Amino acid sequence: MASTFRLSISFLTLILFSLWVVEAHTSRKLISIKEKEGQDISHLLKDGEFDDPSLYMYFTLNDLKLGTKLLIYFYKNDLQKLPPLLTRQQADLIPFTKSKLDFLLDHFSITKDSPQGKAIKETLGHCDAKAIEGEHKFCGTSLESLIDLVKKTMGYNVDLKVMTTKVMVPAQNSISYALHNYTFVEAPKELVGIKMLGCHRMPYPYAVYYCHGHKGGSRVFEVNLVTDDGRQRVVGPAVCHMDTSTWDADHVAFKVLKMEPRSAPVCHFFPLDNIVWVTK
């Protein structure tokens with residue numbers, strides 16, 4: 001079991017280094033939605049309501065069946081624009097708390113009212129906030145801290161599996177990271193009797209992952225989707241949060257799905273640079 005866990009960690013390392021560009025100098029750039037794929041997607045948005053295509057990741061539990069068609073946006077960041085991955089030694093030298101916001105903005109030469117400054121404040125706020133009832137949460141600021149916190153949360157002796165979203169096309173075709181109609185071409189497979197943590201990349205001058213999971217009430221699925229033209233396939237994890245009663249009533253998922261806040265389960269796919277940990 002220990003050897004299997006070490007194998008999973010090695011696999012995660014490869015995943016993270018494929019997602020991050022580690023530069024010799026510290027990057028000061030944060031990625032924003034406005035920098036993504038400069039394409040006109042207005043004709044694809046439902047009723048023109050959402051100008052951020054990344055919101056098209058939510059769906060309902062009833063959608064999880066063979067043949068369902070959904071409008072989804074799977075985006076991949078430009079690796080050359082990604083903030084660097086720090087070692088634990090580097091990350092531990094920099095405070096990571098909202099109480100040190102002014103120091104951090106000065107350290108990274110970012111103004112408070114800039115989009116980057118607001119993003120830093122929001123990320124620190126998410127990471128400093130107390131977990132809601134029944135939730136596990138933490139922020140990993142280095143590969144080492146991420147692995148240690150995952151083990152502490154999920155168990156030091158459990159058998160772990162790392163899941164990510166993958167986009168595949170035939171060799172002669174190029175991948176289109178855009179808003180597409182996707183159809184479930186296989187019945188989603190539920191992973192039963194597991195624990196899970198979803199780790200989401202946060203906007204920050206270096207790589208930070210916000211990880212969270214619930215002690216109960218979430219269901220994890222492996223999905224297999226294909227675009228209308230059949231040229232692009234997406235496989236990976238999806239999660240349904242069965243109890244949304246403690247969520248913020250203004251959560252964007254309720255608006256996207258046009259449902260009463262906290263009234264029903266909410267499901268979502270994961271961006272390509274997110275990580276999902278599950279116990280096997």
Side-chain angles (χ1 to χ4, degrees), residues 1-20 22 61 64 85-94 96-97 123 126-166 188-202 204 206-224 235-244 246-247 265-280:
M1 184 176 296
S3 62
T4 303
F5 181 77
R6 286 194 294 271
L7 179 62
S8 294
I9 297 305
S10 300
F11 178 56
L12 174 62
T13 304
L14 291 174
I15 290 174
L16 295 182
F17 275 94
S18 72
L19 295 176
W20 289 321
V22 183
L61 187 62
L64 270 173
L85 169 66
L86 301 187
T87 65
R88 188 203 298 272
Q89 184 178 16
Q90 292 172 318
D92 286 350
L93 292 174
I94 307 171
F96 189 79
T97 175
T123 292
H126 276 297
C127 293
D128 280 354
K130 292 183 179 180
I132 62 176
E133 184 179 353
E135 181 188 40
H136 301 291
K137 68 177 287 288
F138 59 82
C139 284
T141 57
S142 66
L143 177 61
E144 297 96 329
S145 68
L146 177 62
I147 292 171
D148 285 350
L149 290 165
V150 167
K151 291 194 295 183
K152 180 179 179 181
T153 303
M154 303 190 75
Y156 290 96
N157 297 314
V158 298
D159 196 2
L160 293 172
K161 176 181 179 181
V162 178
M163 301 176 69
T164 58
T165 302
K166 303 175 185 66
K189 177 185 176 183
E190 184 170 5
L191 305 181
V192 180
I194 60 149
K195 294 189 291 185
M196 67 84 65
L197 279 174
C199 295
H200 313 283
R201 184 199 300 276
M202 301 296 287
Y204 208 71
Y206 55 87
V208 170
Y209 266 70
Y210 170 76
C211 302
H212 67 123
H214 296 267
K215 295 178 181 178
S218 293
R219 298 168 63 181
V220 182
F221 298 83
E222 290 184 293
V223 298
N224 190 332
V235 297
V239 64
C240 291
H241 301 286
M242 303 305 294
D243 182 6
T244 60
T246 59
W247 287 25
V266 168
C267 306
H268 64 84
F269 302 104
F270 287 86
L272 276 69
D273 55 4
N274 282 209
I275 302 166
V276 179
W277 293 85
V278 298
T279 56
K280 291 184 180 179

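Every heavy atom of this structure was used, including side-chain atoms; hydrogens, water molecules and symmetry mates were not. Please read all numbers here as calculations on a predicted model, not as lab measurements.
- Inter-residue side-chain proximity for N274 and T165 is flagged as unmet; no heavy-atom pair is nearer than 4.5 Å.
- Between H200 and H212 there is a side-chain heavy-atom pair separated by less than 4.5 Å.
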Q) What do the steps show when you test L191 against M196 for side-chain contact (heavy atoms from CB on, under 4.5 Å), and what is the final call? A) CA-CA 10 Å; L191 305 181; M196 67 84 65; over 6 Å; no
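- Atom CE of M242 sits about 4.5 Å away from atom CG of L61, to the nearest 0.5 Å.
- At least one side-chain heavy atom of H214 sits less than 4.5 Å from a side-chain heavy atom of I132.
- Note that CD of E144 and OG1 of T87 are 6.0 Å apart. Values are rounded to the nearest 0.5 Å.
- R219 has its side chain out of reach of L64: every pair of non-hydrogen atoms, C-beta onward, lies at least 4.5 Å apart.
- When all heavy atoms of L143 and L85 are compared, the closest pair comes out as N-CD1, 3.9 Å.
- The main-chain N or O of K195 is found under 3.5 Å from a side-chain atom of T279 such that the two form a donor-acceptor pair.
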Q) Is there a side-chain contact (heavy atoms from CB on, under 4.5 Å) between L149 and L197 once you walk through the steps? A) CA-CA 11 Å; L149 290 165; L197 279 174; over 6 Å; no
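- Taking NE2 from H136 and NZ from K152, the interatomic distance works out to 11.5 Å, rounded to the nearest 0.5 Å.
- If you check the gamma sulfurs of C139 and C127, they are less than 2.5 Å from each other.
- Listed by chain and number, the residues in a side-chain hydrogen bond (donor to acceptor under 3.5 Å, both in side chains) with D128 are T97 (sequence neighbours excluded).
- Using a 4.5 Å heavy-atom cutoff, the side chains of E222 and V235 are not in contact.
- Screening Y210, F270, Y209 for a side-chain contact (heavy atoms from CB on, under 4.5 Å) with C199, the sole residue that qualifies is Y209.
- Checked against side-chain hydrogen bond (donor to acceptor under 3.5 Å, both in side chains), T123 has no partners two or more places apart in sequence or in another chain.
- T164 OG1 to L272 CG: the interatomic distance, rounded to the nearest 0.5 Å, is 7.5 Å.
- Ring-plane geometry between Y206 and F96 is classed as tilted, the angle between the planes lying from 30 to 60 degrees on a 0 to 90 degree scale.
- Separation of atoms CG (L86) and CD1 (I94) is listed at 5.5 Å; rounding is to 0.5 Å.
- The backbone N or O of A131 lies less than 3.5 Å from no partner atom in the side chain of K137, so there is not a single donor-acceptor pair.
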Q | V266 and W247: CA distance, side-chain angles, deciding distance, side-chain contact (heavy atoms from CB on, under 4.5 Å) verdict | A | CA-CA 11 Å; V266 168; W247 287 25; 3.9 Å; yes
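- Side chains of V239 and V276 form no contact here, defined as non-hydrogen atoms less than 4.5 Å apart.
- Taking CZ of R88 as the start and CG of L93 as the end, the distance is 12.5 Å to the nearest 0.5 Å.
- You'll find the side chain of V223 reaches within 4.5 Å of the side chain of F269, heavy atoms only.
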